[in-house]
Amino acid sequence: MIQSPLPRSYPWFIGALLLLPLMITHDSLWIDEAQTAAYSRLPDISSVVAKLDADNKTGSLSEGLMPLSMYLAWAWATVLGTSEWALRLPNLFYLAGGLAFIWRAGRSHQIPHLALLVALHPFVWYYADEARPYALQIALGGAHLWAFLKLFETSGRSRKAWLVFLVAGLLLCASSLLCIVPVAAESAVILAFAISARWKPTRFHVMTAAILLPLYLLLGLFYMKALAGASSALKLWEFGPSNIAYSLYELLGFQGLGPSRGELREAARSGSPLGALFLPHASVLGGLVLVWAVTGGIALKAWCQTLRSTVLPSVLVLLLSLAGYTLLGVVMKFPFWGRHLAPLLPFAVFAGAGMAAMARNRTTRICIVTSLGLFWGASAVSIRYAPRFTNDDYRGAARFALEHSRAREVVWWAADTSGARYYGLAPAEPGIPDSFCYSVRNNSTEELQALPQPRWVVFTKADIYDNNGRIMAYLQDGGYRRKRSFTSISIWTR
């Protein structure tokens, strides 16, 4: 295709980059981020290796299945420090590089605004503000998108695209075991088209694949060993249709327009009807549904054009990846969520923008893209500023517990201990004498009765820290009442 003139496409890219600094905050770390922070505070690289091995042997944490992500968290921390802001800052560098690839992909397909659409997407805003691997995966997904499309444009002849595809794929797989699914889906689509179109690999293609294949195999061996631990952290929820529905809900940009993740989690735990949560947001959610419906209708109407474009391979990647995750859910009982689809976000936005570009009427094309940008922008602003989307306030809860335990008042900490330690609180395990702060998690009634009676109980997420209901029963039987709350964390006393 003929590329758009550079002066016309650069403003879209610059606009996307200007949004990046607005995405990160100094907000408290939550549970998952505290696990990353634990790696970032290790003294040296050998300690990172040892912790990865230990996490995989115990099977208690999923971070052992994210080797590259944890190495990078430690490496960045040696330069930037370990404050909340510093732990999240690398996300901006990753996303800037990813947006450069996405901009180039959009420019060569007459979608110069593609990078800005991605930067407006609430999925990006949500995960840019987390010290987790998802921003890195979005960025590598952007590099993969460019290489994927370039290989189709050149019938596989582009050396640069082939090298980027292999290297970005390796880095994606190293960032998390679960990224193997989208990388495998993209590879399968390329292989199918290569065979059908009789692409002829050159000596360069064969040699680079041969050089990088051992690295893929070594990574595979690492994961095979790690999976022997069968991480229980991945099995807190049962797999079901809700996993697929919520993943698409996030991937298509709805998450900031409806109820928060905490509200949905609590409704699922308590069995409350979800309809009551979505009803107040029905009008704005319905508007985005309509935009997507019109976009899909245009693609169906222009079916012949769809078959000839690179939108079809991108949609196939999305469908194959969802099928792969669904298979994992059915066979391995693995409950995937939207964040696990991070490498697919650039493909989803490209598919949506590509389908909109098939409209014959220029005004229709402009209206659809503008509507997507406005809905996604509103969703992103909500994610960034609406109080209901604030993550768990471990900073406030830990400071409260620290203050009262120093005053020699007994505190029970029914929450994540990594989050507590990050903020200077060191809850003791039951059985440790002369302590005023104890870590309690899924204890039996006898274990709770053996502990000193608490003046304060810090309590959150019963499905994780009180899955047998004993802590809540203790609180109710002892006449404890909720005294105050931090975001997603309650303080009980009597």
Side-chain angles (χ1 to χ4, degrees), residues 27-35 37-38 60 84 233 236-237 259-272 276-277 387-494:
D27 290 349
S28 168
L29 300 186
W30 74 294
I31 299 172
D32 286 6
E33 291 181 288
Q35 311 306 330
S60 60
E84 298 98 330
L236 294 171
W237 297 85
S260 69
R261 185 182 295 175
E263 293 170 318
L264 291 170
R265 182 191 185 101
E266 181 58 29
R269 188 189 69 82
S270 62
S272 303
L277 284 177
R388 71 179 187 276
F389 291 104
T390 304
N391 273 326
D392 310 9
D393 186 6
Y394 269 81
R395 180 200 293 141
R399 287 177 177 175
F400 178 92
L402 192 61
E403 175 186 350
H404 287 276
S405 61
R406 284 174 174 172
R408 306 180 72 82
E409 296 176 344
V410 176
V411 178
W412 285 6
W413 180 265
D416 180 62
T417 53
S418 293
R421 286 192 291 269
Y422 179 83
Y423 288 107
L425 181 70
E429 294 299 320
I432 303 298
D434 303 324
S435 177
F436 291 95
C437 184
Y438 290 92
S439 173
V440 293
R441 174 173 178 161
N442 303 322
N443 301 82
S444 66
T445 302
E446 293 75 17
E447 289 172 330
L448 296 177
Q449 293 290 350
L451 289 172
Q453 190 177 71
R455 175 73 174 86
W456 305 96
V457 178
V458 180
F459 189 77
T460 186
K461 293 184 171 60
D463 53 315
I464 300 178
Y465 303 105
D466 188 31
N467 58 24
N468 56 21
R470 303 302 186 201
I471 298 174
M472 181 54 68
Y474 182 98
L475 296 177
Q476 292 173 344
D477 294 343
Y480 286 81
R481 296 289 182 269
R482 187 179 303 193
K483 177 71 173 180
R484 62 178 296 184
S485 293
F486 298 92
T487 304
S488 300
I489 304 174
S490 56
I491 308 296
W492 295 68
T493 191
R494 63 177 182 177

Participant: Could you check whether any side-chain heavy atom of Thr460 comes within less than 4.5 Å of a side-chain heavy atom of Tyr465, counting everything from C-beta outward?
Facilitator: yes
Participant: Below 4.5 Å, heavy atoms only, C-beta onward: do Asp466 and Phe459 meet side chain to side chain?
Facilitator: yes
Participant: Less than 4.5 Å apart, any side-chain heavy atom of Pro427 and any of Tyr438?
Facilitator: no
Participant: Quick one, Ile491 and Val458 - any side-chain contact, counting heavy atoms below 4.5 Å?
Facilitator: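 Yes; the side chains approach each other to less than 4.5 Å.
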Participant: Under 3.5 Å, is there a donor-acceptor pair between the side chain of Trp412 and the main chain of Pro452?
Facilitator: yes
Participant: Please examine the side chains of Trp30 and Ser488, heavy atoms only from C-beta on, and report whether any two atoms are closer than 4.5 Å.
Facilitator: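 No, side chains not in contact.
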Participant: Does the side chain of Asp392 reach to within under 4.5 Å of the side chain of Ser28, using non-hydrogen atoms?
Facilitator: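 With C-beta onward as the side chain, the pair stays apart.
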Participant: Do Asn391 and Glu33 get their side chains close enough for a donor-acceptor pair, meaning under 3.5 Å?
Facilitator: no
Participant: Going by atom types alone, do Ser490 and Trp492 pair a side-chain donor with an acceptor below 3.5 Å?
Facilitator: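 Yes, side-chain donor-acceptor contact under 3.5 Å.
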Participant: Please enumerate all residues that pass salt bridge (charged side-chain N to carboxylate O under 4.0 Å, His left out) together with Arg261, with sequence neighbours excluded.
Facilitator: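 Glu250.
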Participant: Mind checking the OG-CZ spacing from Ser439 to Arg421? Nearest 0.5 Å is all I need.
Facilitator: 8.5 Å
Participant: So does Arg388 have more than 12 non-hydrogen atoms from other groups sitting under 6.0 Å from CZ?
Facilitator: yes
Participant: Mind listing the side-chain donor-acceptor pairs of residues 467-479 below 3.5 Å, one per line with the distance, residues two or more places apart or on another chain?
Facilitator:
unit_1 : atom_1 : unit_2 : atom_2 : d
Asn468 : OD1    : Arg470 : N      : 3.0
Asn468 : ND2    : Asn442 : O      : 3.2
Asn468 : ND2    : Asn443 : O      : 3.2

Participant: Search all heavy atoms of Val411 against all heavy atoms of Ser405 and return the closest pair with its distance.
Facilitator: CG2-N, 4.1 Å
Participant: Looking only at heavy atoms, which two atoms of Arg455 and Tyr480 are closest? And how far apart?
Facilitator: O-CE2, 4.5 Å
Participant: Do Thr493 and Arg481 get their side chains close enough for a donor-acceptor pair, meaning under 3.5 Å?
Facilitator: no
Participant: Would you mind reporting whether Leu451 and Glu447 have side-chain heavy atoms less than 4.5 Å apart?
Facilitator: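 Heavy-atom side-chain distance check fails, nothing below 4.5 Å.
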Participant: With a 4.5 Å heavy-atom cut-off, do Arg441 and Thr417 have their side chains touching?
Facilitator: no
Participant: Roughly how far, to the nearest 0.5 Å, is OH of Tyr394 from OH of Tyr422?
Facilitator: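 Reported value, rounded in 0.5 Å steps: 14.5 Å.
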Participant: With a 3.5 Å cut-off and sequence neighbours excluded, list the donor-acceptor pairs that the side chains of residues 395-403 form with protein atoms.
Facilitator:
unit_1 : atom_1 : unit_2 : atom_2 : d
Arg395 : NE     : Glu84  : OE2    : 3.3
Arg395 : NH2    : His26  : O      : 2.3
Arg395 : NH2    : Glu84  : OE2    : 2.9

Participant: Can you classify the ring geometry of Trp456 versus His404 as parallel (below 30°), tilted (30 to 60°) or perpendicular (above 60°)?
Facilitator: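 If you compare the ring of Trp456 with that of His404, the planes turn out tilted.
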